[in-house]
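Read the structure below first, then the notes.
Numbers for residues simply follow the sequence, beginning at 1. Computation of the quantities below employed the complete heavy-atom set of this structure, encompassing side-chain atoms and omitting hydrogens, waters and symmetry-equivalent molecules.
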Amino acid sequence: MKDNVLTLSSDVAAVLDAPGRLAALDAAVPVFLGPDPDFDDIAGLAAGLFSAPISLVTILGRTDQWFLSRQGTPEIRAPSEDSFCARMIAESASEPLVIADACKDARFARLPSVNGEPHLRFYAGAPIIVDGQPIGTVCVFDVRPREGTAPDPVLRLRQLASLAGSLITLKDEARRRMLAAEALSRDEKRHALALDAANVASWLWDLSTGMVSGNETFYRMLGVKPAKPMRARKFFTAVHPGDRKVTIGRLRDALASGKEYDGLFRAAKSGRWLLGRGRVHEWDSDGRPTVFLGINVDVTDGQLASERTRLLLRELNHRVKNTLAMLQSLARQTLRQTSDPVEFMDAFAGRLQSLSEAHGLLSDHEWGVIHLKMLLQKQIMPYAIDYDGQIEIHKDEVELGPDQAVGLGLVLHELATNARKYGALSVRSGKVVITARVVKEDDQRVLNMTWHEVGGPPVKPDGRRGFGSVLIERSLDKVLGSSVHVEYLPKGVTAVIRMPL
C-alpha cells in the first residue's frame, strides 16, 4: 500500500504540474483565490443532490486547493497534495469519481483528512473543465460511508461542474473586459493629459447630428463658453470672418475627398492663429462621412515671428538700398577731398567702419531703436586715448531710429577722427564734452546736442575745412528738419546738432 500511495502522489504531482492545466489555470482564475458568493448556489445544489454535510467548489493550484464556495467547513483552502480532488483528476481528468468508503480505498486511506479530523469517508466529485483542462472540482463529502450511489446525482454533479466552468469563463471574460476598459481609460486619460500639456486641442464633428465636441483646450482656444458640445454653425462662427470662407472650403474638400484637412485660421474672439489638421474617421454603409476628427495647435508665436521676419527683411532691403546710395555719396565726397589713393582709402575705410558700427547696433536690436549712449561709445571709443577720462557726457535718455542712428553715427565718426588727428583726442590732456538734451518744439521732441573740444592743440580754421566738414554738415540730410553747424574756435572745435526725434 505504501508504494501504491507514493506512486499516486507522483501521479498527482504530474497532474498538478501539467503545462496545459497550469496555462488554463493561470489564464482563467487569477482572481479566484478565495470565497466567491456567485458559486454558493452551485455548492448548495451539490450538497442537496447527495444530502451531504460538506460540499465544495474548488480551484486546484500547484500547492493549495482554494475553495470558491464551501458548506459544512470554515476552511478556505487545503494542501493540494492531500486533496481528494487532485487524486480524482489524476485518475480520470474528465469523469466524476465516487468513493464509497475512503478507509477501504488504498488511494485515499492514508490521507490526513481520512486518518484524522474530520475523518472523511464518502466522496463524490466532478471536474471543472476550462479550455479543455481540469482546473478544479465540484465535490461533496460525508463522514459516513455510503453504498450504492445512484447514477442520477452523479450526472447532476457533473452538470453543476460544467456550470461552474462556464461561470468561471464568464467571470474571467468580464474581468478581462474590465481590465481592457481600464487600460483604455488610462490611455485616454494619458492622451488627454498629453494633449493638454502640449496645448493641443482635439475635436470631433458628428456629421449625423451636426454637433462638434472637444477637450477643454479646444473651447479655450476658440473662446467658447461654456465648454460643451455645440452646433457646427457655432463652431464656424468661432473662426475669424477673414478666414472663415477658406476654412469651410477646405473642410468641405476633406469631407468630399476623404483626404486630410490642413488649414490655418484665426480665432474670432482672441485673434490667435490656430493650425488645424483632421480627416474623416468613420463612414456609413453608403460611403458617406459620419465622423470627422481634428486637432488645433496654437501657432500664434510662430506666425508673429514669421511676420516679424518679413518686416525685418523689408526693412533690411530698404536699408541696403539706402546704404548703397550713401556709400556712393561717401565715395564721391571723399574723392573730392583728396586725390591721394592712400588718404582716400584711410578716409573711406573709416567711414565704412562707422556705417558698419551703426548697422551692427541696429541689427542687434532688430532695426528698431538704439540708445544714444551705445552709439556714442561705439563711434568715439576707438579714437580716444582714455575714453573714460577724455569723454564727458551729459545727456537725457534718448532713443534713435535707424535713419537717425546712421546719420548721427557718421557725424560722430567725422568729429572723432578729426579730434584724434588734430584736436582734443590727439593728446592725453584733451577732452570732449558732449551735451545731449531733448526739448519740445511745437509738440515735437527734438534732440539738441553739442560737441565741444577743450585742452587740445590750437585750432587753425583755414586748415580744417577739407577734413570732412561737408560730410559732417550733410550726414543728417535724411532726417528732415535736422542740421549740423561746426565752429572751428581757437580753443577747440564745437559742433551744434539739431535733430527731430
Side-chain angles (χ1 to χ4, degrees), residues 12 15-16 20-21 24-25 27-61 64-78 80 82-102 105 107-108 113 118 120-175:
V12 169
V15 169
L16 294 180
R21 197 192 76 86
L25 187 69
V29 294
V31 294
F32 300 128
L33 297 180
D36 186 335
D38 289 341
F39 293 88
D40 287 349
D41 288 343
I42 294 177
L45 289 172
L49 286 174
F50 292 90
S51 299
I54 300 173
S55 64
L56 303 172
V57 179
T58 74
I59 293 292
L60 195 64
D64 290 309
Q65 183 179 22
W66 294 86
F67 303 159
L68 298 182
S69 182
R70 77 271 194 227
Q71 291 188 6
T73 177
E75 303 296 331
I76 63 170
R77 67 178 178 178
S80 293
D82 296 334
S83 166
F84 276 78
C85 298
R87 284 158 176 75
M88 181 268 287
I89 290 175
E91 284 270 320
S92 177
S94 60
E95 297 297 327
L97 178 66
V98 177
I99 304 298
D101 188 349
D105 192 313
R107 297 167 299 175
F108 302 95
S113 58
L120 298 177
R121 303 290 293 278
F122 173 75
Y123 168 81
I128 297 173
I129 306 297
V130 172
D131 292 337
Q133 296 291 331
I135 65 168
T137 63
V138 177
C139 58
V140 296
F141 295 90
D142 198 345
V143 295
R144 297 178 181 179
R146 300 189 183 190
E147 298 294 339
T149 302
D152 186 65
V154 176
L155 176 62
R156 297 284 181 266
L157 186 66
R158 184 174 186 173
Q159 292 172 339
L160 288 176
S162 176
L163 178 62
S166 298
L167 182 57
I168 287 173
T169 300
L170 287 173
K171 289 174 74 70
D172 184 61
E173 288 177 353
R175 178 187 67 85

Beyond-backbone contact of Leu49 with Val140, side-chain heavy atoms, under 4.5 angstrom
no
Relative to each other, are the rings of Phe141 and Phe84 parallel, tilted or perpendicular (30° and 60° limits)?
perpendicular
Just by distance, do the side chain of Arg158 and the backbone of Val154 share a donor-acceptor pair under 3.5 Å?
no
Check whether any side-chain heavy atom of Tyr123 lies under 4.5 Å from a side-chain heavy atom of Cys85, and answer yes or no.
yes
Taking the side chain as everything from C-beta on, heavy atoms only, tell me whether Ile59 gets closer than 4.5 Å to Ile168.
yes
Side-chain donor or acceptor of Thr58 paired with backbone N/O of Leu60 under 3.5 Å:
no
Check whether any side-chain heavy atom of Leu163 lies under 4.5 Å from a side-chain heavy atom of Leu45, and answer yes or no.
no
Are side-chain heavy atoms of Leu56 and Thr137 found at a separation under 4.5 Å?
no
Do Leu120 and Phe108 have side chains that get closer than 4.5 Å, going by heavy atoms?
no
Checking side-chain contact (heavy atoms from CB on, under 4.5 Å) between Ile99 and each of Arg107, Arg146, Arg121, Met88, which is the one that passes?
Arg107
Does any non-hydrogen side-chain atom of Asp36 lie less than 4.5 Å from one of Val57?
no
SG on Cys139 to CD on Gln65, rounded to 0.5 Å
6.5 Å
Quick one: CD1 on Ile42 to CD on Gln71, what's the gap to the nearest 0.5 Å?
11.5 Å
